[in-house]
Amino acid sequence: MATSACTFTVAAAMFSSESVLDEKTLAIIKPDGVYGNYSDMIKDSIHESGFMIAREQRIQLDEDTIRSFYAEHSSKSFFASLF
């Protein structure tokens with residue numbers, strides 16, 4: 001992992017019943033899930049819950065975006081480890 005970036009998997013999941021899409025839900029697999037190799041297990045759980053993944057994208061955030069995304073945790077001890 002690069003020292004100044006985090007990788008997220010973003011999936012747009014849709015729940016369907018009787019061939020009609022009722023809801024759209026955004027699922028984000030955060031870096032610890034991606035790097036811990038839990039992505040497939042999480043996506044399997046999404047499917048087993050009756051959702052289908054309509055779109056999936058893996059994104060890598062730069063340090064400024066990470067600081068903004070996690071701003072509420074800036075005083076926490078783990079904050080510096082995100083970079």
Side-chain angles (χ1 to χ4, degrees):
M1 179 170 107
T3 57
S4 63
C6 289
T7 301
F8 292 77
T9 296
V10 180
M14 294 188 287
F15 181 75
S16 61
S17 64
E18 300 178 18
S19 302
V20 177
L21 297 176
D22 298 316
E23 299 179 22
K24 293 181 181 174
T25 302
L26 175 67
I28 300 176
I29 302 173
K30 298 195 317 185
D32 55 345
V34 174
Y35 293 116
N37 293 318
Y38 297 108
S39 295
D40 289 339
M41 189 181 336
I42 293 167
K43 290 186 283 184
D44 287 346
S45 179
I46 290 169
H47 288 123
E48 290 168 4
S49 296
F51 288 83
M52 65 178 213
I53 296 176
R55 183 169 178 244
E56 181 179 336
Q57 180 178 359
R58 185 173 280 203
I59 59 172
Q60 190 162 357
L61 304 179
D62 60 32
E63 187 171 334
D64 289 338
T65 305
I66 296 166
R67 287 186 185 280
S68 176
F69 187 81
Y70 286 111
E72 67 189 70
H73 302 294
S74 62
S75 63
K76 304 281 181 14
S77 61
F78 65 84
F79 188 73
S81 71
L82 298 172
F83 308 100

Practice item. For His47, enumerate each residue passing the ring pair (Phe, Tyr, Trp, His ring centres under 6.0 Å) test, keeping only those at least two apart in sequence or located in another chain. Key: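 Checked His47 against ring pair (Phe, Tyr, Trp, His ring centres under 6.0 Å); zero matches.
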Practice item. With sequence neighbours excluded, tell me which residues meet ring pair (Phe, Tyr, Trp, His ring centres under 6.0 Å) with Phe79. Key: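 Counting only residues at least two positions away or on another chain, Phe79 forms a ring pair (Phe, Tyr, Trp, His ring centres under 6.0 Å) with Phe83.
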Euclidean distance, [Y] [atom2] relative to [X] [atom1], rounded to 0.5 Å:
{"X": "Ile53", "Y": "Arg55", "atom1": "CD1", "atom2": "CZ", "result": "13.0 Å"}
{"X": "Ile28", "Y": "Phe69", "atom1": "CD1", "atom2": "CZ", "result": "5.0 Å"}
{"X": "Thr65", "Y": "Ile59", "atom1": "OG1", "atom2": "CD1", "result": "9.0 Å"}
{"X": "Ile29", "Y": "Glu56", "atom1": "CD1", "atom2": "CD", "result": "7.0 Å"}

Exercise for review: State which residues pass salt bridge (charged side-chain N to carboxylate O under 4.0 Å, His left out) with Asp44; sequence neighbours excluded, sorted by chain then number.
Suggested key: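 None.
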Practice item. With sequence neighbours excluded, tell me which residues meet side-chain hydrogen bond (donor to acceptor under 3.5 Å, both in side chains) with Ser45. Key: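 Ser45 satisfies side-chain hydrogen bond (donor to acceptor under 3.5 Å, both in side chains) with no residue once adjacent residues are dropped.
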